[in-house]
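Here is the structure we will look at.
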Amino acid sequence: MAPSFDRSMPPRLVATDLDGTIVRSDGTVSARTLAAFTLVERAGSVFVLVTGRPPRWMREIADSFPDLGLAICANGALVYDLRSESVVQAHLIEPETVHRVAADLRAELPELAFAVEFADGFQVEAGYHRAYWDGRRLPGECPMVDTVLDVHAPAAKLLVQHPAMRADALLARVGEILSEDLVTVTHSSYRGLLELSAAGVSKATTLARLCADLGIGHRDVLAFGDMPNDLPMLAWAGGAYAVANAHPTVLAAVADHTESNDDDGVARVLERLFG
């Protein structure tokens, strides 16, 4: 882990994951958590959402945080302006890399199905099972492709889905197949779904760029998370907390723990630091 920030002073920047960290099991963000983020902003510190969500899943979150400007989306691939609803920075996978990765994986695991997230939309193969969010929010609107080999635009994320393997096992297997210099592979669920970003792109790398622009060093950053896609950010930040409901690898890697997302764990820490 990175050296801890000076706990006698509030951090200059608070970065938090969304789903499973501040978003509760019922899909809401509690009033207590929203109030805690107001404490951060009143103290003059910066508050940043850092999520695996694509921009199209951010509308309700933006309504909950009307004063928030930028959010890091798609595991660091996109920086999204919540006010203008526009992508202001992108770190994308070139189509040729998407094609190579998909071909290499399908040669070894032919049962895989793929989807592609772009900065402004998505496409899925016919065999890909849509996530809960897309099924709920976009009924009847699911752009299909016969194969991701037909994709010809740079992608924010390549999603890899297996019908039977769990995410941890699939992550290990894909790691055996793909070269590390092709893409960054992670996951944020227990089911058989992986999220692939451009090589070297993670929540940590894009947060580090944002902090550099603000003149804030990693020692002055406090981060919260719950899943393996949060690990680079939690390791980079000067202080980090895992929520109690976090994935076992996150709980093992992060020394400081707080209560679960359903018990306002993030808010409890911020109240102590900024209250």
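- Minimum heavy-atom separation, M58 to C73: CG-SG, 3.9 Å.
- One hydrophobic cluster, built from ILVMFWY side chains closer than 4.5 Å, holds both F47 and L34.
- To the nearest 0.5 Å, atom CG of residue L182 and atom CD of residue E96 are 12.5 Å apart.
- Note on D263 versus R268: no salt bridge recorded, every NZ/NE/NH1/NH2 to OD/OE distance being 4.0 Å or above.
- Environment of CD in E176: crowded, with over 12 heavy atoms of neighbouring residues, nucleotides or ligands closer than 6.0 Å.
- Side chains of H247 and D230: no donor on one and acceptor on the other come within 3.5 Å.
- Side-chain atoms of Q161 and H129 include no donor-acceptor pair closer than 3.5 Å.
- Of the possible polar contacts, none joining the H257 side chain to the A242 backbone as a donor-acceptor pair under 3.5 Å is found.
- In the hydrophobic clustering of ILVMFWY residues, with side-chain heavy atoms under 4.5 Å counting as a link, V201 and L171 come out apart.
- Using modelled atom types, one finds no donor on one side chain facing an acceptor on the other under 3.5 Å when comparing D262 with S260.
- In this structure, R12 CZ and R219 CZ are separated by 14.0 Å, a value rounded to the nearest 0.5 Å.
- Residues P248 and Y190 come closest through the heavy atom pair CD-OH, 3.9 Å.
- When the side chains of ILVMFWY residues are joined at heavy-atom separations under 4.5 Å, either directly or via intervening members, V23 and V269 end up in a single hydrophobic cluster.
- With rounding to the nearest 0.5 angstrom, the CZ atom of R166 is 8.5 Å from the OG atom of S189.
- We find the CZ-CD1 distance between R209 and I72 to be 9.5 Å, quoted to the nearest 0.5 Å.
- You'll find the side chain of V266 reaches within 4.5 Å of the side chain of V243, heavy atoms only.
- A240 and L222 make their closest contact through N-CD1, 3.9 Å (heavy atoms, listed as atom of the first residue, atom of the second, distance).
- At distances below 3.5 Å, not a single donor-acceptor pair connects side-chain atoms of K157 with backbone N or O atoms of A74.
- Within the 4.5 Å cutoff, side-chain heavy atoms of V151 are placed close to those of Q123.
- The shortest distance between side-chain heavy atoms of L159 and L196 does not fall below 4.5 Å.
- A donor-acceptor pair under 3.5 Å is formed between the side chain of N245 and the backbone N or O of N261.
- A salt bridge is absent between E111 and R106; no separation between the charged side-chain nitrogens and carboxylate oxygens falls under 4.0 Å.
- For the pair R100 and D104, the salt-bridge criterion is met [side-chain N within less than 4.0 Å of a carboxylate O].
- A distance-only check finds no donor-acceptor pair linking the side chain of T184 to the backbone of S202 [under 3.5 Å].
- A 4.5 Å side-chain heavy-atom check between L78 and Q89 finds every atom pair outside the cut-off.
- Taking 4.5 Å as the limit, every side-chain heavy atom of V46 sits out of range of all side-chain heavy atoms of V14.
- The side-chain heavy atoms of V88 and L70, taken from C-beta on, include a pair separated by under 4.5 Å.
- Between V98 and A155, the shortest heavy-atom distance links the atoms CG2-CB, 4.1 Å.
- Counting heavy atoms from C-beta outward, L13 and L214 have side chains that approach closer than 4.5 Å.
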Applying salt bridge (Lys or Arg N to Asp or Glu O under 4.0 Å), run through D264 and R24 and close with a yes or a no. CA-CA 8 Å; D264 295 311; R24 299 185 294 186; 5.2 Å; no
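- Taking both residues in full, the closest heavy atoms of P10 and L273 are given as CG-O, 3.6 Å, listed atom of the first, atom of the second, then distance.
- With ring centers used as reference points, F65 lies under 6.0 Å from F37.
- Linking Ile, Leu, Val, Met, Phe, Trp and Tyr whenever their side-chain heavy atoms come within less than 4.5 Å puts L49 and V40 in one cluster.
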Please determine whether side chain to side chain contact (heavy atoms under 4.5 Å, CB included) holds for the pair L109 and L170, giving the CA-CA distance in whole Å, both sets of side-chain angles, and the decisive distance to 0.1 Å. CA-CA 10 Å; L109 297 167; L170 185 59; 4.1 Å; yes
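- Of the N and O atoms on the side chains of D226 and T21, at least one donor lies less than 3.5 Å from an acceptor on the other residue.
- Nearest heavy atom pair, residue A90 against residue V87, reads CB-CG1, 4.4 Å.
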The test is side-chain hydrogen bond (donor to acceptor under 3.5 Å, both in side chains); show your working for S86 and D81 and say whether it passes. CA-CA 5 Å; S86 62; D81 189 318; 5.1 Å; no
For a side chain to side chain contact (heavy atoms under 4.5 Å, CB included) check, start with the C-alpha distance between Y241 and V254, then their side-chain angles and the critical distance, and finish with the verdict. CA-CA 7 Å; Y241 280 84; V254 179; 5.5 Å; no
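- Side-chain polar atoms of N75 and S197 form no donor-acceptor pair below 3.5 angstrom.
- Between the side chain of E195 and the backbone N or O of S188 there is at least one donor-acceptor pair closer than 3.5 Å.
- Residues L251 and L231 are members of separate hydrophobic clusters, defined by side-chain heavy-atom contacts under 4.5 angstrom among Ile, Leu, Val, Met, Phe, Trp and Tyr.
- The backbone N or O of G239 lies less than 3.5 Å from no partner atom in the side chain of D256, so there is not a single donor-acceptor pair.
- In this structure, V101 and L158 have side chains that are in contact, with non-hydrogen atoms separated by less than 4.5 Å.
- A distance of 12.0 Å separates CD in E117 from CG in L92, rounded to the nearest 0.5 Å.
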Can you check side chain to side chain contact (heavy atoms under 4.5 Å, CB included) on K203 and D17, steps first, answer last? CA-CA 9 Å; K203 289 186 175 186; D17 171 57; 3.0 Å; yes
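- If you run side-chain contact (heavy atoms from CB on, under 4.5 Å) between H162 and each of L193, L194, V174, L112, only L112 comes through.
- We find the CD1-CZ distance between I93 and F118 to be 10.0 Å, quoted to the nearest 0.5 Å.
- Annotation: cation-pi pair R42/F274 absent, no NZ/CZ under 6.0 Å from the ring centroid and within 45° of its normal.
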Pair L105-V160, side chain to side chain contact (heavy atoms under 4.5 Å, CB included): steps then yes or no: CA-CA 9 Å; L105 291 177; V160 179; 4.0 Å; yes
